[in-house]
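Report on one structure; see the data block that follows.
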Amino acid sequence: MALKIAAWNVNSILARLPTALKVFEDVGADIWCLQEIKCEDPRFPRLEFEAMGYNIETFGQKSYNGVAILSKYRIEEFTRGIPGLEHEHSRYIEAVIAAPGGPVRVASIYAPNGNPIGTEKFQFKLQFMEALRAHLQSLLLLEERFVIAGDYNVIPRDVDCVDPRTWVTDALFQPETRAAYRALQNIGLTDAYMQVDGAAHKYTFWDYQAGAWQRDNGIRIDHLLLSPQAADALESVDIYKQARSMEKASDHVPIIGTFTD
């Protein structure tokens, strides 16, 4: 039996609810890790997603940020926030899911954008990534399947954008940012897309400005990072690009990993 885990920066669940419900129906994932839900927990549209068979845990925030995990299977435990990192943003939620083939730990992550560089925002981005690395290193000691899914706000390679020259002053492309993402892989995690595909110029985000979508001027910043146990079970990775052309689309599209359960 396959287990499908999807990550999607929905860019306001309330503003895009009909679109989100259609995307959920089209993709058919068992577990969703959402980012930028942009609402406090009581305002999350639980009834609509519960009607589709999902159990829901949210870590919301008014107007900004916010992450959620929705699962067709029972959520056995969950935590909000990265241990040891104190800040006021809702950017990380982690849960253990009672999947049919055994428990799987998942996290929905919305890493800081970090712009402009040379400011406290960029320093916070790097602090967030370092705290994440330390936490995931501790999770690796458990030797369990886990998937850390979401918007990392990192362009890992030159070929994950159209023209690197347009990104050299952006926090998503800085050497320190890319090094922080590599550091996550260096402790033993796998970029799911790179494991099964790795092709150049496949994107998960297209800006609303300057006809980026129409010109396919995108970037790959939404990632699934896997523990060795999850990487061993990975069958495929798909980017649901169609979502970007829908009415009231998010500027991100889902990335979906399919695993042997």
Side-chain angles (χ1 to χ4, degrees), residues 5-9 31-41 44 55-62 64-71 73-99 102-114 120-154 156 171-172 176-192 221-231 257:
I5 300 176
W8 186 23
N9 181 323
I31 300 168
W32 284 88
C33 297
L34 300 182
Q35 300 84 48
E36 282 202 274
I37 61 173
K38 293 185 178 180
C39 66
E40 294 169 296
D41 295 336
F44 189 89
N55 302 286
I56 303 164
E57 292 295 345
T58 61
F59 183 24
Q61 180 179 336
K62 185 177 181 181
Y64 298 98
N65 307 321
V67 286
I69 293 172
L70 295 84
S71 170
Y73 306 113
R74 187 175 72 254
I75 299 175
E76 295 190 324
E77 59 182 80
F78 70 96
T79 57
R80 295 184 174 106
I82 300 174
L85 182 65
E86 298 297 327
H87 60 90
E88 70 277 14
H89 304 157
S90 300
R91 293 187 174 274
Y92 184 90
I93 186 169
E94 179 185 308
V96 176
I97 308 293
V104 58
R105 186 181 298 270
V106 298
S108 179
I109 175 176
Y110 177 47
N113 175 281
E120 292 181 356
K121 291 183 177 181
F122 187 64
Q123 291 307 309
F124 175 55
K125 181 185 186 75
L126 299 180
Q127 291 166 10
F128 183 96
M129 295 294 282
E130 172 55 25
L132 178 66
R133 186 202 61 78
H135 176 54
L136 299 186
Q137 193 156 32
S138 69
L139 289 186
L140 284 168
L141 300 176
L142 302 177
E143 297 187 349
E144 62 185 18
R145 293 189 301 167
F146 68 75
V147 179
I148 311 301
D151 179 0
Y152 284 76
N153 268 315
V154 177
L172 280 62
E176 301 95 324
T177 301
R178 299 167 91 180
Y181 188 71
R182 286 196 302 274
L184 297 175
Q185 297 171 74
N186 289 342
I187 63 174
L189 303 178
T190 297
D191 180 321
I221 57 173
D222 302 271
H223 311 297
L224 311 177
L225 284 185
L226 315 179
S227 70
Q229 295 77 12

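Computed from heavy atoms alone, side chains included, the values below leave out hydrogens, waters and symmetry copies.
Taking each heavy atom of Leu224 and Gly257 in turn, the nearest pair found is CD1-N, 3.5 Å. Residues Leu85 and Gln127 approach most closely at CD1-O, 4.4 Å, considering heavy atoms. In this structure, Ile37 and Ala68 approach most closely via the heavy-atom pair CG2-CB, 4.2 Å. Residues Pro103 and Val96 come closest through the heavy atom pair CB-CG1, 4.0 Å. Nearest heavy-atom pair, Val67 versus Tyr92, reported as atom, atom and distance to 0.1 Å: CG2-N, 3.6 Å. Across all non-hydrogen atoms, the minimal contact from Ala171 to Thr177 is O-OG1, 2.6 Å.
Partners of Ser90 by side-chain contact (heavy atoms from CB on, under 4.5 Å), not counting sequence neighbours, listed by chain and number: Phe59, Gln61. Every residue meeting the side-chain hydrogen bond (donor to acceptor under 3.5 Å, both in side chains) condition with Glu76, not counting sequence neighbours, appears here in chain and number order: Arg74. Contacts of Lys121 classified as side-chain contact (heavy atoms from CB on, under 4.5 Å), with partners at least two apart in sequence or in another chain: Pro116, Thr119.
Rounding to the nearest 0.5 Å places CG of Leu70 at 9.5 Å from CD of Glu57. To the nearest 0.5 angstrom, Asn9 atom CG is 12.0 Å from Ile109 atom CD1. For the atom pair Leu189 CG and Ile187 CD1, the distance stands at 4.5 Å (nearest 0.5 Å). In this structure, the separation between CD1 on Ile56 and CG on Leu34 is 9.5 Å, given to the nearest 0.5 Å. For the atom pair CD1 (Ile82) and CZ (Phe128), the distance works out to 3.5 Å, reported to the nearest 0.5 Å. For the atom pair CD1 of Ile69 and OG1 of Thr58, the computed distance is 10.5 Å after rounding to the nearest 0.5 Å.
For residues 176-188, the pairs satisfying salt bridge (charged side-chain N to carboxylate O under 4.0 Å, His left out) are Asp158-Arg178, with sequence neighbours left out. Identified under the salt bridge (charged side-chain N to carboxylate O under 4.0 Å, His left out) test for residues 84-95, with sequence neighbours left out: Glu94-Arg105. Listed by first and then second residue, the salt bridge (charged side-chain N to carboxylate O under 4.0 Å, His left out) pairs involving residues 122-137 are Glu130-Arg133 (not counting sequence neighbours).
Panel note: side chain Asp151, backbone Tyr110; no donor-acceptor pair is recorded below 3.5 Å. The backbone N or O of His89 sits less than 3.5 Å from a side-chain atom of His87, completing a donor-acceptor pair. No donor-acceptor pair closer than 3.5 Å links the side chain of Gln229 to the backbone N or O of Arg145. Put simply, the side chain of Asn55 never gets that close to the backbone of Ile75: no donor and acceptor are under 3.5 Å apart.
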May I have the step-by-step check of side-chain contact (heavy atoms from CB on, under 4.5 Å) for Leu225 and Asp191, ending in yes or no? CA-CA 5 Å; Leu225 284 185; Asp191 180 321; 4.1 Å; yes
Can His135 and Ile148 be said to form a side-chain contact (heavy atoms from CB on, under 4.5 Å), step by step? CA-CA 11 Å; His135 176 54; Ile148 311 301; over 6 Å; no
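For the residue pair Glu144 / Ser227, no side-chain donor-acceptor distance below 3.5 Å is found, with atom types taken as modelled.
Relative ring orientation between Trp32 and Trp8 is described as tilted, the plane-to-plane angle lying within the 30° to 60° band. Between Tyr181 and Tyr152, the two ring planes are perpendicular [angle over 60°; tilted spans 30° to 60°].
The side chain to side chain contact (heavy atoms under 4.5 Å, CB included) with Ser71 is formed by just one residue from the set Val104, Ile31, Val106; it is Ile31.
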